[in-house]
S.K.: 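Dropping the structure in here first, questions after.
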Amino acid sequence: MESLAWTPWRPLRLHTDISAEILTEQLDGGQSFRWAAQPNGSWTGVFGQTLARLRTGKQGLEWSAPVADAAAEERLCEYLDAEGKQARLAEALPWRSDSVLRAAMAANPGLRILRQDPHETLIGFLCSSNKRILQIRVMVAALASKLGRPLGGGFYALPTWAVLAAADDEILRSCSLGYRAAYIRETAKILKQRPQWAADFAKLTTPELMATLQELPGVGPKVAACVTLFGFARLESFPVDTWVVQALSSAYGLKGWKPERLEEFGRLHFGPAAGLAQQFIFSAARQGVLPAAPALETKTRPKSRK
DNA sequence: GTCCAGGATTCAG
DNA sequence: CTGAATCATGGA
């Protein structure tokens, strides 16, 4: 393996500083599947064509990148919302009147949506159906290392649609994709014909973008919502997965609601940054720190405790 | 061996 | 149209 020259660690000034725990939640909490924790506690990952390292030090967030990549810092600032666009959106969420959201935000203060590349987001969530986050990361890592462009140090960018469309069946199968291999393959066949797909899609309104994404094989309502949220920075998009269904059912008392109706509830209740609220609730639910529904709304005896 | 996983698609009613 | 079965794979 070729050795790679890294820049020294340097501070990355964020509008809202984040702790080591929040950094972990952002990089490894199901938004991106491209970051790996190193033994020394730092993170190494790829976003777009950029390879970088991140860690939290005494001065706050610190970064390092291959010395050859002069644009890495600027890309990291965009990726991590260093400017703080989401701080204002988070403040405007209805946490004052919503104790569940307030608890979820308090559990992960400063948590933000990563500003990801559409291509990597679509590949990641095409792999996501019926899989755990850890396994999705393994699948995506295999696609990168077997078919992607080397970035040095044993790291790889994700393969292009053209490469994926032409990839040998054995290679795809060896990535543990299961039935999702067909999703990747068929979507690749379509998108390799239009290299400007991401720029074209970015011009669409969010409802149009959602509908257009769902024309792709393997993209349903939830995957489309994740791609619009994480890959196209549509903060109003509200993905409803199994965790959100469970969380809205138990914490908001919306029992038996179907995903489509829960998505509408999320967008109406949380507003322009519903996707950011969703990420707080998703993370809190996975961490098991989401409060239960108020006793008034539960029909069973309110006093039964374990 | 059984069950389930940041769901989507296909099929039955 | 809605709801259930099916999909391939790995880990608990």
Side-chain angles (χ1 to χ4, degrees), chain A residues 24-35 104 108 111-114 116 118 120-143 146 167 169-191 210-232 234-235 237-251 255-267 270 274-290:
Chain A
T24 296
E25 184 62 30
Q26 264 183 218
L27 299 181
D28 199 36
Q31 295 192 52
S32 166
F33 307 102
R34 294 286 278 151
W35 291 89
N108 294 89
L111 180 65
R112 297 293 179 256
I113 301 294
L114 294 173
Q116 295 182 64
E120 69 182 48
T121 310
L122 182 50
I123 289 180
F125 284 95
L126 274 173
C127 295
S128 72
S129 81
N130 226 5
K131 276 296 177 187
R132 298 187 185 183
I133 291 171
L134 176 59
Q135 287 187 306
I136 300 167
R137 214 177 65 195
V138 171
M139 289 188 274
V140 176
L143 282 172
K146 292 171 191 288
D169 276 333
E170 282 299 311
I171 301 280
L172 279 190
R173 206 165 57 77
S174 70
C175 296
S176 302
L177 297 170
Y179 61 84
R180 301 158 202 81
Y183 295 167
I184 296 278
R185 173 86 72 197
E186 296 308 309
T187 289
K189 285 181 184 171
I190 294 172
L191 291 184
M210 286 282 292
T212 304
L213 284 167
Q214 288 179 76
E215 293 174 3
L216 298 169
V219 181
K222 189 270 175 181
V223 169
C226 285
V227 174
T228 62
L229 173 60
F230 301 128
F232 288 90
R234 307 297 175 92
L235 276 295
S237 183
F238 190 81
V240 176
D241 73 328
T242 54
W243 288 99
V244 173
V245 170
Q246 176 56 36
L248 294 185
S249 172
S250 62
K255 301 185 191 303
W257 286 37
K258 285 177 286 189
E260 186 177 3
R261 193 173 170 202
L262 289 174
E263 182 187 351
E264 183 184 14
F265 167 84
R267 286 189 285 103
F270 297 114
L276 181 57
Q278 182 272 165
Q279 198 59 34
F280 280 113
I281 289 169
F282 173 81
S283 296
R286 289 208 324 138
Q287 294 161 356
V289 296
L290 206 61

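Heavy atoms only: backbone and side chains are in, while hydrogens, waters and symmetry mates are out. Chain identifiers are assigned alphabetically (A, B, ...) following the order of the sequence lines, protein sequences preceding nucleic acid strands; residue numbering begins at 1 within each chain. Bear in mind that the values here come from a model prediction, so they are computed numbers and not experimental data.
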S.K.: Are L216(A) and I190(A) side-chain neighbours, meaning at least one heavy-atom pair lies under 4.5 Å?
M.R.: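 Touching, per the 4.5 Å side-chain cut-off.
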S.K.: Think T242(A) has a side-chain N or O under 4.0 angstrom from the OP1 or OP2 of dG7(B)?
M.R.: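 Indeed, a polar side-chain atom of T242(A) lies that close.
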S.K.: Mind checking F230(A) for me? I need base, sugar-phosphate or nothing, with any heavy atom below 4.0 Å counting as a touch.
M.R.: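 Base, at least one base atom sits under 4.0 Å.
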S.K.: For residues M139(A) and F33(A), determine if any side-chain heavy atom of one lies less than 4.5 Å from a side-chain heavy atom of the other.
M.R.: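 With C-beta onward as the side chain, the pair stays apart.
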S.K.: Take the protein atom CD of E186(A) and the nucleotide atom C1' of dT9(B), then report the distance between them rounded to whole Å.
M.R.: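 Nearest whole value for this atom pair: 13 Å.
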S.K.: By a 5.5 angstrom centroid cut-off and a 30 degree plane limit, is there stacking between W243(A) and dG6(B)?
M.R.: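 Not stacked: fails the 5.5 Å / 30° test.
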S.K.: Between Q278(A) and L229(A), is there a side-chain heavy-atom distance shorter than 4.5 Å?
M.R.: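 Result yes, sub-4.5 Å side-chain heavy-atom pair found.
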S.K.: Starting from P on dC4(B), measure out to CD1 on I133(A) and report it in whole angstrom.
M.R.: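 Nearest whole value for this atom pair: 19 Å.
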S.K.: Can you name the nearest heavy-atom pair linking L172(A) to A167(A), along with the distance?
M.R.: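 It is CG-CB, 4.3 Å.
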S.K.: What is the nucleic acid contact for Q279(A), judged by heavy atoms within less than 4.0 Å: base, sugar-phosphate only, or nothing?
M.R.: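 Contact class for Q279(A): base.
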S.K.: I'd like the P distance from dT9(B) over to dG10(C), given in whole Å.
M.R.: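 Straight-line distance between the two P atoms is 23 Å.
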S.K.: Between N108(A) and Q26(A), is any pair of side-chain heavy atoms under 4.5 Å apart?
M.R.: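 The answer is no, as the side chains (C-beta and beyond) never meet within the 4.5 Å cut-off.
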S.K.: Counting side-chain heavy atoms from CB outward, which of dG7(B), dT2(C), dG6(B) is closest to K258(A)?
M.R.: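 Nucleotide nearest to K258(A)'s side chain: dT2(C).
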S.K.: Using a strict threshold of under 4.0 Å (side-chain N to carboxylate O), is an ion pair present between E170(A) and R173(A)?
M.R.: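 Yes, charged N to carboxylate O under 4.0 Å.
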S.K.: What N/O pairs connect the protein and nucleotides 11-13 of chain B at under 3.5 Å? Give each pair on its own line.
M.R.:
none

S.K.: Tell me the closest heavy-atom pair linking F280(A) and A104(A), and the distance in Å.
M.R.: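 Taking F280(A) first and A104(A) second, the nearest heavy atoms are O-CB, 3.7 Å.
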S.K.: Within this structure, what is the CD1-to-P distance between I184(A) and dA8(C), rounded to whole angstrom?
M.R.: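 Those two atoms, CD1 and P, are 16 Å apart.
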S.K.: Taking side chain as C-beta onward, heavy atoms only, is V227(A) less than 4.5 Å from L126(A)?
M.R.: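 No, side chains not in contact.
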S.K.: May I have the distance from D241(A) (atom CG) to dA8(B) (atom P), rounded to whole angstrom?
M.R.: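 Roughly 10 Å, once rounded to whole Å.
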S.K.: Rounded to whole Å, please give me the gap between CE in M139(A) and P in dG7(B).
M.R.: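 The distance from CE of M139(A) to P of dG7(B) comes to 11 Å, rounded to the nearest Å.
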S.K.: How far does the C1' atom of dT2(C) sit from the matching atom of dG6(B), given to the nearest Å?
M.R.: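 My reading of the C1' atoms in dT2(C) and dG6(B) gives 24 Å.
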S.K.: Would you mind reading off the distance between L248(A) atom CG and dG6(B) atom P, rounded to a whole angstrom?
M.R.: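 So the CG-P distance, L248(A) to dG6(B), works out to 17 Å.
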S.K.: Judged by modelled atom types alone, do S129(A) and Y179(A) share a side-chain donor-acceptor pair under 3.5 Å?
M.R.: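 Yes, side-chain donor-acceptor contact under 3.5 Å.
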S.K.: Between the side chains of E264(A) and R261(A), is the shortest nitrogen-to-carboxylate-oxygen separation below 4.0 Å, so that they form an ion pair?
M.R.: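 A salt bridge is absent here (no side-chain N lies under 4.0 Å from a carboxylate O).
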S.K.: Using atom C1' of each nucleotide, how far apart are dG11(C) and dA8(B) to the nearest Å?
M.R.: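 Roughly 22 Å separates the two C1' atoms.
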S.K.: Does F238(A) form a ring-ring contact (aromatic ring centres under 6.0 Å, His included) with F265(A)? I'd like the steps, not just the answer.
M.R.: CA-CA 9 Å; F238(A) 190 81; F265(A) 167 84; 7.6 Å; no
S.K.: With distance as the sole criterion, is a donor-acceptor pair present between the side chains of Q279(A) and E25(A) under 3.5 Å?
M.R.: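 Judged by distance alone, the side chains do not pair up.
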S.K.: Specify the separation, in whole Å, of atom CD of E260(A) and atom P of dG3(C).
M.R.: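 Taking atom P of dG3(C) as the reference, CD of E260(A) is at 11 Å.
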S.K.: What is the distance from CZ of R261(A) to P of dC1(C), rounded to the nearest Å?
M.R.: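 Checked: the CZ to P distance equals 18 Å.
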S.K.: Specify the residues of residues 213-222 of chain A, ordered by number, for which at least one heavy atom lies under 4.0 angstrom from an atom of DNA chain B.
M.R.: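 Heavy-atom cutoff 4.0 Å gives L216(A), P217(A), G218(A), V219(A), G220(A), P221(A), K222(A).
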S.K.: Output a table of nitrogen or oxygen pairs between the protein and nucleotides 9-12 of chain C separated by less than 3.5 Å.
M.R.:
{"from": "dT9(C)", "atom 1": "O2", "to": "K131(A)", "atom 2": "NZ", "distance (Å)": "2.1"}
{"from": "dG10(C)", "atom 1": "O4'", "to": "Q135(A)", "atom 2": "NE2", "distance (Å)": "2.9"}

